[in-house]
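Below, chain A is the first sequence line, B the second, and so on; all start at residue 1.
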Amino acid sequence: MKLKSQYCEVKAFNPSPRTKEAIKEMNRISDMSTILQRMLMFTPFFQIFVGPSHKALPSAAPSSYQLSVQDWILFADSIRAVGLIERRQLEKIAFSVANTARGDERKFWECVYNAL
Amino acid sequence: MHYKLSPLIFVLLTISVNAQSLSWPYDHKSLLKELKSTYSQLEIKHGFCQDLRKREITQIENNWLYAQPKKKQELILHVVSSIVYERCTEAEEAQYTMALMNYTSETGDKTFLNEWLLLNKSYYTKEMFDELADIDPADILKLAELPVLYYPFKLLLGVDITITKENN
């Protein structure tokens with residue numbers, strides 16, 4: 001997986017309605033809580049994909065977080081469990097949000113898209 | 001009489017046994033089997049096309065693309081990448097769509113159709129369409145024919161591709 005400067009640094013951000021909608025759509029295609037279940041223990045930031053109701057963690061994503069390239073590699077590995085046709089759709093969603101997002105939210109979707 | 005009828009009974013029995021082992025191509029079971037088989041073929045083709053996307057594109061020589069603003073270049077390349085990817089999966093996708101139509105129309109079961117609709121959304125937003133409003137689709141199609149972009153590729157976000165003027 002190639003990432004900008006081999007490092008996808010993303011600080012926590014307030015997800016916009018567009019991001020929330022995109023994550024909802026991704027979950028319609030694939031159950032992200034099941035796919036990311038294991039890595040949520042190590043990288044709470046990815047809680048964003050499953051929402052605070054998920055029982056894997058006692059709290060939601062921390063207010064400030066820095067994701068390492070290793071986190072994204074773990075993300076990419078976890079997402080391989082998704083079928084190829086579904087994964088292609090997840091990628092389209094990620095691009096569509098990245099294209100209009102700004103700041104850290106844009107960076108986040110760039111990294112999601114590149115990891116898919 | 002008894003002995004004359006025997007061959008006829010044998011033939012009828014044979015037909016009956018064969019009829020049980022063969023299935024009518026439009027029964028639900030066969031249609032579902034065909035649907036699953038064509039889906040597997042499509043998944044295999046996606047695997048092939050996604051492997052092709054691993055190639056790295058670092059430079060594109062094209063005057064028209066070079067003249068576009070950077071933000072627009074990214075979106076244009078995304079569209080081209082979608083076009084060439086769809087070109088790669090086209091044949092298997094047509095087979096699956098046909099099997100899906102046959103299955104849905106015969107059974108009335110829309111489960112797979114609804115899933116397919118979800119898996120076929122383009123996710124182009126109004127902002128993306130607005131951004132492309134002044135672009136002639138023919139110019140994008142021309143890009144999809146360039147040797148460097150002809151086969152599936154993945155446009156990595158945040159990773160610059162050098163776009164230069166053509167060397168004439």
Side-chain angles (χ1 to χ4, degrees), chain A residues 1-10 16-19 21-32 67 69 72-73 75-76 79-116, chain B residues 38-58 71-79 81-82 85-86 88-89 92-93 96-97 112 114-132 152-161:
Chain A
M1 183 179 67
K2 189 170 182 181
L3 298 169
K4 193 179 185 180
S5 309
Q6 289 298 301
Y7 201 79
C8 239
E9 190 180 307
V10 182
S16 66
R18 178 83 188 94
T19 284
E21 190 52 46
I23 287 171
K24 216 160 122 187
E25 188 71 0
M26 287 173 105
N27 275 286
R28 279 180 72 201
I29 292 167
S30 288
D31 179 6
M32 302 300 277
L67 295 167
V69 73
W72 286 105
I73 288 170
F75 175 81
I79 222 81
R80 281 204 184 93
V82 180
L84 294 172
I85 300 170
E86 286 91 345
R87 211 189 309 164
R88 167 96 183 122
Q89 282 308 91
L90 299 182
E91 192 189 288
K92 283 187 200 170
I93 295 171
F95 181 89
S96 127
V97 197
N99 187 256
T100 47
R102 299 282 175 270
D104 278 305
E105 194 167 34
R106 154 87 189 186
K107 268 193 206 167
F108 169 75
W109 283 107
E110 266 185 15
C111 298
V112 171
Y113 169 87
N114 287 349
L116 281 164
Chain B
T38 50
Y39 192 83
S40 296
Q41 291 303 312
L42 182 59
E43 274 261 330
I44 291 167
K45 193 59 182 285
H46 269 266
F48 172 79
C49 300
Q50 291 194 15
D51 277 346
L52 287 177
R53 294 177 92 212
K54 287 175 185 161
R55 72 199 176 95
E56 199 174 336
I57 295 176
T58 52
K71 172 94 176 133
K72 202 171 270 192
Q73 284 176 347
E74 181 186 279
L75 185 54
I76 290 168
L77 284 174
H78 172 71
V79 176
S81 136
S82 297
Y85 190 87
E86 280 159 23
C88 185
T89 57
E92 287 73 13
E93 199 161 305
Y96 177 70
T97 307
F112 295 99
N114 289 335
E115 279 174 15
W116 190 233
L117 292 178
L118 188 62
L119 292 175
N120 264 276
K121 278 178 81 169
S122 67
Y123 295 106
Y124 283 104
T125 60
K126 186 185 174 300
E127 290 95 330
M128 288 155 102
F129 281 122
D130 288 348
E131 180 90 24
L132 296 171
F153 65 93
K154 179 160 178 169
L155 170 75
L156 286 171
L157 295 177
V159 178
D160 285 336
I161 296 176

From CD1 (A/I29) to CG (B/L118), nearest 0.5 Å: 4.5 Å
Heavy-atom contact with chain A under 4.5 Å, split by part of B/K54: neither
To the nearest 0.5 Å, what is the distance between CG on A/L84 and CG on B/D51? 9.0 Å
Looking at residues at least two apart in the chain, or sitting in another chain, which of them share a ring pair (Phe, Tyr, Trp, His ring centres under 6.0 Å) with B/Y123? none
Chain A contact via B/S82 - which portion, at a heavy-atom distance below 4.5 Å: both
Among the options B/E115, B/M128, B/E43, pick out the one with the most heavy-atom pairs lying under 4.5 Å from chain A. B/E43
Ranking B/C49, B/G47, B/S122 by heavy-atom pairs under 4.5 Å to chain A gives rank one to B/S122
Would you mind telling me which of A/R28, A/R18, A/E25 has the largest number of heavy-atom pairs within less than 4.5 Å of chain B? A/E25
Check each atom of B/E131 against the heavy atoms of chain A and say whether the ones under 4.5 Å are side chain, backbone, both or neither. neither
Is B/Y124 close to chain A through its backbone or its side chain, or both, or neither, when contacts mean heavy atoms under 4.5 Å? neither
Spatial distance of atom CD (B/E127) from atom OG1 (A/T100) [nearest 0.5 Å]: 5.0 Å
What do you reckon, is NZ of B/K71 surrounded by more than 12 foreign heavy atoms closer than 6.0 Å? yes
Starting at CG of A/N114, measure out to CG of B/L157 and round the result to the nearest 0.5 Å. 5.0 Å
What pairs with B/K126 under salt bridge (Lys or Arg N to Asp or Glu O under 4.0 Å), at least two apart in sequence or on another chain? B/D130
d(B/Q50 CD, A/L116 CG) to nearest 0.5 Å is 10.0 Å
Which residues in residues 85-92 of chain A have any heavy atom closer than 4.5 Å to a heavy atom of chain B? A/I85, A/E86, A/R87, A/R88, A/Q89, A/E91, A/K92
Who passes ring pair (Phe, Tyr, Trp, His ring centres under 6.0 Å) against A/F95, sequence neighbours left out? A/Y113, B/H78
